[in-house]
Amino acid sequence: QVQLLESGGDSVLPGGSLRLSCVASKDVVSTYCMGWFRQAPGKKREGVAALDTDGAIHYADSFQGRFTISKDNAKNSLYLQMDRLKPEDTAMYYCAAQDGGYCYNEDDAMDYWGKGTLVTISS
């Protein structure tokens, strides 16, 4: 069974940074397409970034380079570095995995999901 567990969510001031982590079950990060998504209350879930097994990365245009996705296959971990955070970044952030198909950060294509970690940006 594929398991995903996010961590690193916190409450920070605007302009601050956070690094989110997702620990996956064995071999998932190295063999699956991995992605980060977020959802604010009352809003639709949106894709942030996706990382394929060959290292190819797709970012949603709206983030304009503020977020960086990476992984460590040996540690079975996926990361999201978030910089210059804004109040509108406040959301639940989810880690997801896809076991086949085009890796393009699309939530409908993802097969497995973590429970999320909360990020709050406020003054």
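Note that the CG atom of Leu13 and the OG1 atom of Thr120 stand 12.0 Å from one another [nearest 0.5 Å]. The line from OG of Ser11 to CD1 of Ile121 is 7.0 Å long, rounded to the nearest 0.5 Å. Here CZ of Arg84 is found 8.0 Å from NZ of Lys86. Values are rounded to the nearest 0.5 Å.
Tyr104 belongs to a hydrophobic cluster with Tyr102, counting contacts under 4.5 Å between side-chain heavy atoms of Ile, Leu, Val, Met, Phe, Trp and Tyr, direct or through other members. The other residues sharing a hydrophobic cluster with Tyr94 are Phe37, Met92, Met110, Trp113, Leu118, where clustering joins ILVMFWY side chains under 4.5 Å apart. Under the 4.5 angstrom side-chain criterion for Ile, Leu, Val, Met, Phe, Trp and Tyr, Leu5 has no cluster partners at all.
Val23 and Val119 end up in different hydrophobic clusters when Ile, Leu, Val, Met, Phe, Trp and Tyr side chains are linked at under 4.5 Å. Grouping the Ile, Leu, Val, Met, Phe, Trp and Tyr side chains by contacts below 4.5 angstrom, directly or via other members, places Tyr79 apart from Met34.
Applying the salt bridge (charged side-chain N to carboxylate O under 4.0 Å, His left out) rule to pairs touching residues 98-123 yields Arg45-Asp107, sequence neighbours excluded. Listed by first and then second residue, the disulfide bond (SG atoms under 2.5 Å apart) pairs involving residues 71-123 are Cys22-Cys95, Cys33-Cys103 (not counting sequence neighbours). Sorted by first and then second residue, the salt bridge (charged side-chain N to carboxylate O under 4.0 Å, His left out) pairs involving residues 5-14 (not counting sequence neighbours) form an empty list. Under the side-chain hydrogen bond (donor to acceptor under 3.5 Å, both in side chains) criterion, the residue pairs touching residues 13-23 are Ser17-Asp83, with sequence neighbours excluded.
Residues passing the side-chain hydrogen bond (donor to acceptor under 3.5 Å, both in side chains) test with Ser25, sequence neighbours excluded: none. Under the rule for a side-chain hydrogen bond (donor to acceptor under 3.5 Å, both in side chains), the partners of Tyr93 that lie at least two apart in sequence or sit in another chain are Arg38. Listed by chain and number, the residues in a side chain to side chain contact (heavy atoms under 4.5 Å, CB included) with Ile57 are Leu51, Tyr59, Ile69 (sequence neighbours excluded).
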Q | Worked verdict on Met82 versus Leu20 for side chain to side chain contact (heavy atoms under 4.5 Å, CB included) | A | CA-CA 8 Å; Met82 306 187 295; Leu20 306 183; 3.8 Å; yes
Q.
Set out, in order, the CA-CA distance, both residues' side-chain angles and the distance that settles side chain to side chain contact (heavy atoms under 4.5 Å, CB included) for Val12 and Leu85, then state yes or no.
A. CA-CA 8 Å; Val12 299; Leu85 287 162; 3.8 Å; yes
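A distance-only check finds a donor-acceptor pair linking the side chain of Ser77 to the backbone of Lys75 [under 3.5 Å]. The closest donor-acceptor contact from the side chain of Lys71 to the backbone of Val29 lies under 3.5 Å.
Ser122 is not listed as a side-chain neighbour of Pro87, based on a closest heavy-atom distance of 4.5 Å or more. Counting heavy atoms from C-beta on, the side chains of Val28 and Asn76 never come closer than 4.5 Å. Between Tyr32 and Gln98, every side-chain heavy-atom pair lies at or beyond the 4.5 Å cut-off.
Shown here for Ala60 and Gly47, the closest heavy-atom pair between the two residues is CB-O, 3.4 Å.
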